[in-house]
Asker: 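Please find one structure pasted underneath; my questions will follow.
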Protein chains: 2
Amino acid sequence: MALTVKGRATRQRIIEGAAVYLRGDEPGEVTLDDIRAITGTSKSQIFHYFPGGKEELLLAVARHESERVLEDQQPHLGALTSWAAWERWRDAVVARYRAQGRNCPLGSLMSQVGGTPGAAEVIGALLTSWRAHIRHGIERMQATGEIRPSLDADRLAAAFVAGIQGGVQVLRSSGSTWHLEATLDALIDHLRGV
Amino acid sequence: MALTVKGRATRQRIIEGAAVYLRGDEPGEVTLDDIRAITGTSKSQIFHYFPGGKEELLLAVARHESERVLEDQQPHLGALTSWAAWERWRDAVVARYRAQGRNCPLGSLMSQVGGTPGAAEVIGALLTSWRAHIRHGIERMQATGEIRPSLDADRLAAAFVAGIQGGVQVLRSSGSTWHLEATLDALIDHLRGV
DNA sequence: CCAAAAATGGACCGTAAGGTCCACAAAGGG
DNA sequence: CCCTTTGTGGACCTTACGGTCCATTTTTGG
């Protein structure tokens, strides 16, 4: 037996506790002691469940957080079938990041675990999936004739992903969602042919 | 006299040495010893010229690097007066960031100095100036009738800035400029009304 | 019920890294 | 030419933090 019920629970508690900490006010640099304190665990437990140490733990947290990103955009992201739906999605994205404020848990994570193998993979998988959803939405609108077929759905989806990333990054340093909204609106206008 | 000629030179050498280091292969976390080694200075000199320690030094480096960002886009960025000029600018941006590769000196800097007062200010000033240049370009094209006047120049300029930021961020984790190009092209197409 | 495996607590260690101090060298300026 | 200011070298200090170890408790499975 590798992990008992209790063991799985503890492991999960560590991941979620770390995630909570990262969503807090002062992320900066997470230390194992921060995580230890917030999760009520001991050093040995962290290394017991994450033999690879801090790096492995942070990567697990990144995976956990990256799942939330797309979930928070649902159900809108999965049903971009009308202009109204696009607007709802847009608003959901803006609301989500406005609520998150200057703290981007994933961003903090990536800056701490950035170079390691696996980090790029996590972020890459997220971006790919994100882009696929948007591309899917564009293609459906093209099928119904609401978006001209001459547009490259995949490439525009990539533009959305990059635009959102950038908007969020600006948000992190400026505290305002203005750039994010401007980018989303510009790209949606472009889809509409306005 | 606060700083002699020799003093100014040393101070500058420290800043530029740090910048060189950040542009190198393994930025991750800069340490004062890294900087000391690459600039051939001693600890006391660093603290002599930057009494605020690491934070003040890194902020100075960030200011130094942030100047390079717009310079590297000149003269194109300052003369967005025709569609050909926009394309040249687009290519210059892509080329610049492709050459930079996965290393974004400013990005590394911001992740290390992010929370401190002054950091946001440096990045904010850069983004504002960048946006102003682009807005200016859009307005000139509107004046000549090549861009429809119904478009909000300032907001679209913000979209460009955010889009580039995001494209570069994706580049940092994926190593590809594809997203960056997709975003720039989408926004330029939108300006063109394509 | 008992031995083996898993979970937990926490003292302890090693080191990297920022920062301090002080002695000495080199300009500067009157 | 000498005194004051500025520049430089580098030993040293302190702390934070990742990681190790082992003793103890709890759970598991036969």
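Every chain is numbered from 1 and lettered A, B, ... according to where its sequence line falls, protein lines coming before strand lines.
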Asker: Taking NZ from A:K6 and P from C:dA5, how many angstroms apart are they, rounded to a whole number?
Answerer: 18 Å

Asker: Rounded to the nearest Å, what distance is computed from the CG atom of residue A:L32 to the P atom of nucleotide C:dG10?
Answerer: 17 Å

Asker: Any donor-acceptor pair under 3.5 Å linking the side chain of B:E55 with the backbone of B:L59?
Answerer: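 Here the side-chain-to-backbone pair does not exist.
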
Asker: Would a distance-only check, ignoring hydrogens and angles, find a side-chain to backbone donor-acceptor pair under 3.5 Å from A:D91 to A:R88?
Answerer: no

Asker: Quick one: B:E29 CD to C:dA17 P, roughly how many Å, whole number?
Answerer: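 Nearest whole value for this atom pair: 9 Å.
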
Asker: Tell me whether A:Q142 contacts the main-chain N or O of A:R148 through its side chain, where contact means a donor paired with an acceptor under 3.5 Å.
Answerer: yes

Asker: Rounded to the nearest angstrom, tell me the gap between atom CG in B:L3 and atom P in D:dT8.
Answerer: 10 Å

Asker: Donor-acceptor check, side chain of A:K54 to backbone of A:V30, threshold 3.5 angstrom: yes or no?
Answerer: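 Indeed, once roles are kept as given, a pair shorter than 3.5 Å links the two residues.
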
Asker: Take the protein atom CG of B:D33 and the nucleotide atom P of D:dA11, then report the distance between them rounded to whole Å.
Answerer: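 The answer, rounded to whole Å, is 12 Å.
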
Asker: Would you mind listing every side-chain hydrogen bond (donor to acceptor under 3.5 Å, both in side chains) that reaches into residues 108-119 of chain B, with sequence neighbours excluded?
Answerer: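 Counting only pairs at least two positions apart or across chains, no side-chain hydrogen bond (donor to acceptor under 3.5 Å, both in side chains) contact touches residues 108-119 of chain B.
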
Asker: Please say which of A:L126, A:D154, A:L156 ends up in a side chain to side chain contact (heavy atoms under 4.5 Å, CB included) with A:R131.
Answerer: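 So the option named by the test is A:D154.
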
Asker: Quick check on contacts: within residues 116-123 of chain A, what sits under 4.0 Å from DNA chain D by heavy-atom distance?
Answerer: none

Asker: Without swapping roles, check the side chain of B:R102 against the backbone of B:S173 for a donor-acceptor pair under 3.5 Å.
Answerer: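 Yes; at least one donor-acceptor contact below 3.5 Å.
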
Asker: Looking at A:E87 and A:R192, does any basic side-chain N land under 4.0 Å from a carboxylate oxygen?
Answerer: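 Salt bridge flag = yes for A:R192 with A:E87.
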
Asker: Under 3.5 Å, is there a donor-acceptor pair between the side chain of A:R13 and the main chain of A:T39?
Answerer: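 Yes, A:R13 side chain to A:T39 backbone: donor-acceptor pair under 3.5 Å.
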
Asker: Could you check whether B:V5 gets within reach of a base, just the sugar-phosphate, or nothing at all, counting any heavy atom under 4.0 Å?
Answerer: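 No contact.
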
Asker: Nearest whole Å is fine: how far is D:dG18 C1' from A:Q112 CD?
Answerer: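 Taking CD of A:Q112 and C1' of D:dG18, I get 13 Å after rounding.
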
Asker: Residues of residues 43-62 of chain B with any non-hydrogen atom less than 4.0 angstrom from an atom of DNA chain C: list those, numerically ordered, please.
Answerer: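 Those residues are B:K43, B:S44, B:F47, B:G53, B:K54.
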
Asker: Rounded to whole angstroms, how far apart are CZ on B:R11 and P on D:dT6?
Answerer: 15 Å

